[in-house]
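Everything below concerns the one structure shown next.
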Amino acid sequence: SVDPQRDDAKRLQQYAKAFQHGPGWSWLTGTPYAVSETLKGLGSFSADLSQHPPLILVGDGRSGHWTRFYGFTDPAVLVEEINRLSARRVHAKSTAIAEHQQEVQP
């Protein structure tokens, strides 16, 4: 949520029930300060809530590779990025570097 004054946990839960179709969603709200700092970190902060830029993040939390898409991005472009990240993950699993990293981790 970009509006923590109105979007409390209960409201986000109702929104999720209405619009979430499938797994993999995270819904976040918090104090006005925490929300503002999070949006600044994501590059999506606007002091005027009605003017905040639409932002979609596509990424792989394991590898840390993330891409920001501003505006209303063509779904085909998003699918292409997801497929690219997925292929990168599959490729990394089969390399000697990935095998070495797995051996080093506790």
Side-chain angles (χ1 to χ4, degrees):
S1 169
V2 296
D3 187 358
Q5 299 294 345
R6 294 186 312 167
D7 294 340
D8 60 11
K10 183 178 179 180
R11 184 169 177 164
L12 288 181
Q13 185 177 37
Q14 292 169 341
Y15 192 84
K17 284 181 183 178
F19 297 103
Q20 180 174 322
H21 302 287
W25 290 78
S26 296
W27 300 87
L28 174 69
T29 190
T31 65
Y33 176 79
V35 170
S36 293
E37 292 302 302
T38 300
L39 291 172
K40 287 175 187 175
L42 295 173
S44 187
F45 176 78
S46 175
D48 181 354
L49 293 177
S50 69
Q51 297 298 314
H52 76 87
L55 170 67
I56 298 172
L57 288 170
V58 176
D60 181 348
R62 291 184 197 167
S63 68
H65 295 282
W66 293 89
T67 302
R68 289 177 175 88
F69 293 93
Y70 292 94
F72 297 101
T73 306
D74 180 346
V77 172
L78 299 174
V79 168
E80 182 179 315
E81 179 65 9
I82 291 166
N83 288 338
R84 187 183 70 76
L85 287 169
S86 179
R88 176 184 274 177
R89 181 182 278 190
V90 169
H91 175 72
K93 286 181 181 179
S94 65
T95 65
I97 294 170
E99 291 170 9
H100 175 72
Q101 288 177 342
Q102 290 174 353
E103 292 172 7
V104 173
Q105 294 177 356

(message) Is any side-chain heavy atom of V35 closer than 4.5 Å to one of L39?
(response) yes
(message) Does any part of the side chain of Q13, heavy atoms only, come nearer than 4.5 Å to the side chain of W27, both counted from C-beta?
(response) no
When rounded to the nearest 0.5 angstrom, what is the spacing between [atom1] in [X] and [atom2] in [Y]?
X: Q14; Y: D7; atom1: CD; atom2: CG; value: 10.5 Å
X: E80; Y: D74; atom1: CD; atom2: CG; value: 9.5 Å
X: N83; Y: R88; atom1: CG; atom2: CZ; value: 13.5 Å
X: L55; Y: F45; atom1: CG; atom2: CZ; value: 14.0 Å
X: T67; Y: R84; atom1: OG1; atom2: CZ; value: 5.5 Å
X: R11; Y: R6; atom1: CZ; atom2: CZ; value: 5.0 Å

Could you see if [X] belongs to whatever hydrophobic cluster contains [Y]? Use Ile, Leu, Val, Met, Phe, Trp, Tyr and a side-chain cutoff under 4.5 Å.
X: L42; Y: F69; value: no
X: V58; Y: V79; value: no
X: L85; Y: L78; value: yes

(request) Would you indicate whether Q20, at its atom CD, is surrounded by more than 12 heavy atoms from other residues, nucleotides or ligands within a distance under 6.0 Å? (result) yes
(message) Can you confirm whether K10 is buried at NZ, in the sense that more than 12 heavy atoms of other residues, nucleotides or ligands lie under 6.0 Å from that atom?
(response) no
(request) Indicate the ring-plane relationship of Y15 and F19, choosing parallel, tilted or perpendicular according to the 30° and 60° boundaries. (result) tilted
(request) Give the minimum heavy-atom separation between W66 and D60, together with the two atoms involved. (result) NE1-O, 3.9 Å
(message) If you compare all heavy atoms of P32 against all heavy atoms of P4, which two are closest, and at what distance to 0.1 Å?
(response) CA-CG, 3.6 Å
(request) Verify, without hydrogens or angle tests, whether S86 (side chain) and I82 (backbone) share a donor-acceptor contact under 3.5 angstrom. (result) no
